[in-house]
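Here is the naming used below: chain letters follow the sequence lines, and residue numbers restart at 1 for every chain. Scope of the values below: all heavy atoms of this structure, side chains included, with no hydrogens, waters or symmetry mates. None of the values given here were measured: they were computed from a predicted structure.
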Amino acid sequence: MSEPLYRVEGLRYSYGKHFDLDVPELVIEHGESLGIVGPNGSGKSTLLNLLAFIDAPDAGTIYFEGVPSGPESLEARRSVTMLLQVSYLLKRTVFENVAYGLRLRGEMQDASERVREALSWVGLSPDKFARRMWHELSGGEAQRVALASRLVLRPKVLVLDEPTASVDRQSSYLIKDAIDRCRRMFNTSLIIVSHDYLWLNTVTDKLVRMEEGRLVEYVAGNVIHGPWEETGERLFAKRLSDGQVIVSARGTSLQSSAILNPSTITVALEPPKNESALNILKGRILNMSDEVSTENVLVEVVVAQIHLNVRVTKSSAVRLQLVPGKEVWVVFKATSLQWI
Amino acid sequence: MSEPLYRVEGLRYSYGKHFDLDVPELVIEHGESLGIVGPNGSGKSTLLNLLAFIDAPDAGTIYFEGVPSGPESLEARRSVTMLLQVSYLLKRTVFENVAYGLRLRGEMQDASERVREALSWVGLSPDKFARRMWHELSGGEAQRVALASRLVLRPKVLVLDEPTASVDRQSSYLIKDAIDRCRRMFNTSLIIVSHDYLWLNTVTDKLVRMEEGRLVEYVAGNVIHGPWEETGERLFAKRLSDGQVIVSARGTSLQSSAILNPSTITVALEPPKNESALNILKGRILNMSDEVSTENVLVEVVVAQIHLNVRVTKSSAVRLQLVPGKEVWVVFKATSLQWI
Amino acid sequence: SHAQNKGTLLMATTTSTDNTGLLEYLAPQFKKDTGIELLWVAVGTGAALALGENCDVSVLLVHAPDAEKEYMEKGYGAERVQIMYNDYVILGPKDDPAGIKGKSVTEALQAIQQQKARFASRGDNSGTHKAELDLWKQAGIQTPDRESWYLSTGQGMLNTINIAAEQNAYTLADRGTFIKYEDNFKGNPPLVILVEGDKELRNQYSVIPVNPERCPNVKYDLAKEFAQWMASDKTQKLIADFKLLNKQLFYPNAGE
Amino acid sequence: MDYIWQGLQQAAVLIFTLDPETYSAVITTLKVTFTSITLSVIIGVPLGFLLGYFNFPGKKQLRMVVDTLLAIPTVVVGLLVYAFISRRGPLGWTNLLYTVPGIAIAQVFLILPIVISLTATAIEGLDRRLRPTLRSLGAGRVQLALTSLHEARFAVLIAVITAYGRAISEVGIAMMIGGNIKWYTRTMTTAITLETGKGQFSMGIALGVILLLIVFLLNSALVLLRRRTT
Amino acid sequence: MDYIWQGLQQAAVLIFTLDPETYSAVITTLKVTFTSITLSVIIGVPLGFLLGYFNFPGKKQLRMVVDTLLAIPTVVVGLLVYAFISRRGPLGWTNLLYTVPGIAIAQVFLILPIVISLTATAIEGLDRRLRPTLRSLGAGRVQLALTSLHEARFAVLIAVITAYGRAISEVGIAMMIGGNIKWYTRTMTTAITLETGKGQFSMGIALGVILLLIVFLLNSALVLLRRRTT
Ligand SMILES: Nc1ncnc2c1ncn2[C@@H]1O[C@H](COP(=O)(O)OP(=O)(O)OP(=O)(O)O)[C@@H](O)[C@H]1O
Ligand SMILES: Nc1ncnc2c1ncn2[C@@H]1O[C@H](COP(=O)(O)OP(=O)(O)OP(=O)(O)O)[C@@H](O)[C@H]1O
Ligand SMILES: [Mg+2]
Ligand SMILES: [Mg+2]
């Protein structure tokens, strides 16, 4: 097929005056696996609801395999299935919950087998859980039952809103395996929102970031929020709790947020001298994680109350002997901050 | 006061035949900050419900400041406040939700101030959110409102069941600050469940682990679940998906789980020769994080589908040039696995 | 010998004929004699007339002579056959606070009004109510309405008697219902007859088949047969024999 | 006072002798109410679902009208229906007056507002996450409605029980449209009214007790049914 | 048919001329129903809460009894209450028979099951997380009950509206206990029944329309009130 899986044009959705989602363009290819990150309230769930055809947009069109689709297109809606952020189980047994989508589609022939399979994919023993009522589950178990009832459908697109929130670490990798299996076996495409970048990184091919209702290039999590103060020299400044200051080229408003690409930050073991960069901040490494399938490592540095992700190559990490707990200096230019 | 904050004796709680909680003994001191980790369904929420006097135990006694207490002790119940795992907001405005506990206690004099303060602690602008209805919130915002309505009470004990699930990374550190402030200002004691070890580590002084309804010593997350196979030489073996095998001294049943203390594992760059340790497994470093206030780093190594946390000192991490993405060998003895 | 089955005849009647059990007593005999099954709807007099006017029933058995006459004049009824009467009596508490026992109707009502003794009125435009209004007029008293001693109940006869009994009030009732009431109390009721026998107290019942020219759907043949049967000597005897507590309730007077 | 006690005894006698008049009234009552409740559920539950589920302009006003109709007196329903099905009314040709189906149809107007209003309330009380959940699992319109009703089943059941209680206990319509004709359209309630009108209070109590016993049995059957199906 | 139209006209006339008889019946009706609904809410809502909130042995059975009482005919309630408050009854000294408070008290027995059953259902329909949430915030017993009712307020309100509709539309109790005494205990429904019995169908309709108008106004007032308080 030449048509992409999704082609989104001029998508808008708003909740009264509180919030506007605005996605002028978005293309997702068949078999793609897209991760979406972004702070609370940035509109991730709202976007997923639109892509899963649960809500209708205020304006714009979603072409699904070339066909303009919405909540009224049952065909499209049955190809896409979504796990809600706060999942809801029907007031039935676990088995009936997982089988519900199959029942809707009239595919009950081998339902028992498929339900058991889906339950074990998410790490729940069918013998132990299938007969339980919906409320006889722990938080993480309930979340996993909800996920199983999506996986069992072998959907064309699996839309997951924080699938691993309240799931234990071990099980979150189990869920990754289940999702991978789905991709492999049924060529399922994925759209996943998660605050667990590390996990998301291992599951998806591509990450985008949502900020204030808009999709922006993925920049591993450095958003510096306002308020800012004005300084004399045509700059904005943000004073941190320990007295250090971040300076930036002037933005549009003192309330705006700015994005700082992790690749534009460098790490140094000593405060560099004779540097043109205006920002030289002292911090401590909290965490280092693998950017899977690249030669890079993401280093999370705590500067006062702010966490900055810095992208360094593995070789420089080794050369600088970076290790969690180590004190380092992060360096970036005032013009590296991009206003959004 | 000589009496500890909590003294628990012979606590038992069961859900029919599905699950038994059994905590023969537990002491929590005034001002202590206790983290609880453990897999889904291990009984963490159940224990918190008992400690927050929401449910009554089937057997055993909880002494709160020396007084046997339960759901009927309003005094105790008002000293302890809990954030539920899946939080629930009352069908009111955000302001009314946060003020509700104050209203119950007849402390409405400076409520407006206190509510605004609590909202800003959790990173929500009072002007933007106070007047919203309970359903006009994103998932993470709702969670934070629920947290604010606990913080505003300035409780003696704050019991939090996964406070950062569905909260973005940046805000999770904001929440840490809010909790710390609570500790500092009101000498609040904490009992927190989280699957985010990294975050939990930065918030609590002490961690315990829950497994199958029992509290066990904290061992940073290496539990190897059954099923096992029997091998000829009086050992149990677990075959991993890539063909590697973990061997252990015989346990009681082939379904049991074993705990592997991260301190008993060593990391090597080459497969060691002439080693007495039976387990020599090849894996890849996914993540490295700071064990705050120790000289150690926790290194997460993926071996086939299993994630093993290994504790190494910072200096050996530097010496071995450990970096996320690097291939390493993990080495441990068959007798290091402890059956639970 | 049973006559052949000729179907059902629907009648509208007032509650008094139903409540006393007269119809239950006559209907099987009617079926036996004519093969017609009599079904009836017991409602207020006004409603009974309205049902006839709307062609919903084929025949009426009612007791409100003035209203009946007007009804006939409007052409709603085919004919009006006088069947029987009973009489009205004034009931009151045993201790008779207004002292009307043995007086004439006019004197009795005047005494009640003067003493402001309580009086319960049907107040429902029924035959009995209309008769009561006539009696007040004859006694030269403007119909009481908002007087605290005058209770307009707007209910059936038996309920009105009950209310009178509860309130220690006088009331005007038809004898048939009173006997039934007495029966309910095993012959020792709180209210007793204080005034009876005056000519003005007669309560006339008639049968009116609904006019088939206005209402083609009615079973005029059966209705006529019923009217004739009711007026027949045999039935008139049956009516005279209908007794409660060994007291006659209705006095046949067809053809009078 | 005595008649209450006598009424209880009389109820026992009526039951054990299978009194034919009582039996006939019971059967008529059951026929009438089963018909009316069935019709009301078929019409009212979907309407209640629509009213509770969708937001549309005028919804509040519509809801207020339905709630107002909860207060419609039986006699008024009787009068209105009578106006149509009386011989000279526009639907006189249906011959529904003084028949069991006639009473049942008129009762539908009485109890439909109860079914609609309480069903709508039941649907409105459902968790906000249900709608997106069902959509995300691929439910079509009808499946969505059915599952929503199933989720609200306890509240919908009480709606039906309340409506049934109203139908079986009403007397104005059965009187006016049924005519209280013995062996044909006499129901338990019109019989009770008749007996009370006759002053046979104990008989009224007896029939009332039997009526409640029947309802109790129906409720028990429902509970058993519910236990077997869930 | 004509009388429906005439009834509407007549309703207008009665309203605009402030017809004293109608006015008196309206006032009586409001007095009776306000009293009965107030008493029923005071008694029934707490009982409904207890029935819906707590689990105790015999709960199912109790619930079934309450649900059965939803079907109690008004005449039967009338008979039972009459037995007690008639002059020869044990409570005859209260002199409640043929009084407005008498009707109101008797109506309480009629509508209490509605309030209890629907309130219990409303409480049962609440989110399972509400109870632990309120406990975790330090709510005492009473506060817990009040907030739970507040959370279920729409369903509880419909319970009250349904019960009120039943009270204002019932006629058996008002007849039997009130006596339908003109200027004193005649309510709208007993007046309608009377007019219907007289064959004054259009007057029956007129009064029915006025009754529904009143209820509509009450419902509107409630909606306004609700808007102002939430
Ligand atoms: N029903 C609603 N009415 C008004 N505003 C709403 C409503 N639902 C969400 N919002 C607002 O819209 C914005 C986007 O919400 P959304 O749920 O899409 O965020 P999100 O990115 O999923 O956040 P989270 O990480 O917390 O889940 C938020 O600011 C939220 O406050
Ligand atoms: N109402 C219930 N009835 C029966 N079993 C239950 C019930 N609630 C919980 N359980 C079971 O009890 C066990 C402990 O549940 P609990 O909620 O305490 O787990 P948890 O440690 O909090 O898990 P999670 O990390 O998923 O929140 C689980 O196995 C669960 O299946
Ligand atoms: Mg979200
Ligand atoms: Mg839990």
Q.
Return the CD1 to CG distance between D:Ile158 and E:Leu118, rounded to the nearest 0.5 Å.
A. 7.0 Å
Q | Region of D:Asp127 that comes under 4.5 Å of a non-hydrogen atom in chain E | A | side chain
Q | Min side-chain heavy-atom separation D:Val76-E:Leu207 under 4.5 Å | A | no
Q. For the candidates E:Asp67, E:Ile168, E:Thr189, E:Ile192, which exhibits the highest count of non-hydrogen atom pairs separated by less than 4.5 Å from chain D?
A. E:Asp67
Q. Under 6.0 Å from the NZ atom of E:Lys60, do we count more than 12 heavy atoms belonging to anything else shown?
A. no
**Q.** Nearest heavy-atom neighbours spanning E:Thr121 and D:Ala155
**A.** CG2-CA, 3.6 Å
Q: Answer yes or no: are there more than 12 heavy-atom neighbours, outside E:Phe109 itself, under 6.0 Å from its atom CZ?
A: no
Q. Side chain, backbone, both or neither: which part of D:Thr162 has a non-hydrogen atom closer than 4.5 Å to chain E?
A. both
**Q.** Top contributor to chain E contacts, counting heavy-atom pairs under 4.5 Å, from D:Gly7, D:Ser220, D:Ala167
**A.** D:Ser220
Q: Below 4.5 Å from any heavy atom of chain E, which atoms of D:Leu79 appear? Answer side chain, backbone, both or neither.
A: both
Q. What orientation do E:Tyr82 and D:Phe201 show, parallel under 30°, tilted 30 to 60°, or perpendicular over 60°?
A. perpendicular
**Q.** Spatial distance of atom CE (D:Met64) from atom CZ (E:Phe216) [nearest 0.5 Å]
**A.** 4.0 Å
(Q) I'd like to check D:Val171 versus E:Pro73 (side-chain heavy atoms, cut-off strictly below 4.5 Å). Are they in contact? (A) no
Q | chain E contact via D:Tyr164 - which portion, at a heavy-atom distance below 4.5 Å | A | neither
Q | E:Arg166 side chain near D:Ile114 side chain, heavy-atom distance below 4.5 Å | A | no
Q. Can you tell which of E:Ile214, E:Leu213, E:Val215, E:Ile161 makes a side-chain contact (heavy atoms from CB on, under 4.5 Å) with D:Thr68?
A. E:Val215
Q. Heavy atoms, side chains only, cut-off 4.5 Å: are E:Met176 and D:Thr193 in contact?
A. no
**Q.** Contact class of D:Ser86 relative to chain E, heavy atoms under 4.5 angstrom
**A.** neither
Q. Measuring heavy-atom distances to chain E, does D:Met188 have an atom under 4.5 Å in its side chain, in its backbone, in both, or in neither?
A. neither
Q) Among E:Ile72, E:Leu218, E:Leu69, who wins on heavy-atom pairs under 4.5 Å with chain D? A) E:Ile72
Q. To the nearest 0.5 Å, what is the distance between OG (E:Ser169) and CG (D:Leu70)?
A. 9.0 Å
Q: Determine the option with the most heavy-atom pairs under 4.5 angstrom with chain E, choosing from D:Thr74, D:Leu212, D:Val75.
A: D:Leu212
